[in-house]
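Written out below as structure tokens is the structure these notes cover.
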There are 2 protein chains.
Amino acid sequence: MARRQFIAHKAAQLAAVCRERGIPLTVQRRTVMEVLAGRADHPSVEQVHDAVKERIPGVSLTTVYRVLEVFVQFGLVQKIDDPGAKGRFDADVSRHPHARCVSCGRIVDVEAAELPGIDLPMAQVEDFTLFDYTINYLGHCRRCR
Amino acid sequence: MARRQFIAHKAAQLAAVCRERGIPLTVQRRTVMEVLAGRADHPSVEQVHDAVKERIPGVSLTTVYRVLEVFVQFGLVQKIDDPGAKGRFDADVSRHPHARCVSCGRIVDVEAAELPGIDLPMAQVEDFTLFDYTINYLGHCRRCR
DNA sequence: ATAATTGCAAATAGTTTGCACCTAC
DNA sequence: GTAGGTGCAAACTATTTGCAATTAT
């Protein structure tokens, strides 16, 4: 899906969720969603905040934290794995692998099409009921190579 | 491998690495390794610290942080993926999937034997040179179900 | 002997919370 | 009008750093 379309799609999804749940669709929520859907680099809260500030000069970092938390709760956004301390977010909630540069921490999507065999069987784990999985590739990006 | 054996194996590995690199094999390092190798629950730094304190009453949390960092650098231990803020550690550095309870955060190993098709192909990602991957299953553990 | 590690205290980074004011519905 | 959201400042949690004292080799 093209970026423009994806942004529109997520904006519509957000509007629908707000209507359904009866919660307000604020400028902050709309803008955070548009910013996050508009980029493929899985930004941290601070990076989202920086980008949102360009459109809403007074937004607080706190609000961005809260908005992203709500988005994750409603399944609109996923918080991705990162052994570093920072939370990183992805507006694409489909099951797809990520590749992380172990040197600079950059994270990019891996197209599922590039990965035959991506449909892992659900593992058997004693005492756990599993419903999903994530795959993370590790490597070095061009700049860090 | 049985737990006792695994602990001995990691202790020996640590001793070898210290000899090779010419760095001191301190009580703290030995104890942290024995504690971490002795448990399968992928503890946080604080949990390791608590356990180490029982054997070395005065250890500082700082030291545990530093020891674990050195272990990761030398490939003796891996820091595992966790979208939460805390660092979690695993003395088993072999490539094996983890299962995480999304409710309480408990993390357990998934036996590779239980998972046909675990050998994922290395993905093609533009501009990235990949050398490894991680797999994380998500679910609910018995207590949280 | 000496180079490295440790423990303490203080600093920093990331995130969360309480509360008064504001806004979408 | 009202429930819920937002911004600010302060609190908290996880982690890191500077430095003097200690320890492994």
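Source: prediction; values computed, not measured. Residue numbers begin at 1 in each chain, while the letters A, B, ... track the order of the sequences.
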- Task: Please work out which residues in residues 10-31 of chain A have a non-hydrogen atom less than 4.0 Å from an atom of DNA chain D and list them by number.
- Result: A:Pro24, A:Thr26, A:Gln28, A:Arg29
- Centroid-to-centroid, A:His49 to A:Tyr65, below 6.0 Å? no
- Can you name the nearest heavy-atom pair linking A:Gln13 to A:Leu76, along with the distance? NE2-CD2, 3.6 Å
- Atom NE2 of A:His49 and atom P of C:dT16: how far apart are they, to the nearest Å? 15 Å
- Message: Output the rounded distance in Å from NZ (B:Lys86) to C1' (C:dA13).
- Response: 17 Å
- B:Lys53 NZ to C:dC8 P, straight-line distance once rounded to whole Å: 11 Å
- Message: I need the CG-P distance between B:Leu61 and D:dT13, as an integer number of Å.
- Response: 14 Å
- Message: Let me confirm one number: the CD1-CG distance from A:Ile107 to A:Asp90, rounded to the nearest 0.5 Å.
- Response: 9.0 Å
- Item | Any donor-acceptor pair under 3.5 Å from B:His9 side chain to B:Ile7 backbone | no
- Message: Which residues in residues 62-73 of chain B have a heavy atom closer than 4.0 Å to any atom of DNA chain D?
- Response: B:Thr62, B:Tyr65, B:Arg66
- Task: Could you tell me whether B:Asp81 and A:Arg100 make a salt bridge, using a distance below 4.0 angstrom between a side-chain N and a carboxylate O?
- Result: yes
- Message: Would A:Arg95 pass as a cation-pi partner of A:Tyr133, given that its NZ or CZ must be under 6.0 Å from the six-membered ring centre and within 45 degrees of the axis?
- Response: yes
- Rounded to the Å, how far apart are B:Glu46 CD and D:dT15 C1'? 11 Å
- Run the numbers on A:Asp109 and A:His42 for side-chain hydrogen bond (donor to acceptor under 3.5 Å, both in side chains), then give the verdict. CA-CA 9 Å; A:Asp109 291 325; A:His42 310 80; 2.8 Å; yes
- Would you mind telling me which of D:dG7, D:dA14, C:dG7 lies closest to the side-chain atoms of A:Ser60? D:dG7
- Query: Name the one of A:Lys10, A:Arg29, A:Arg55 that satisfies side-chain hydrogen bond (donor to acceptor under 3.5 Å, both in side chains) with A:Glu34?
  - Reply: A:Arg55
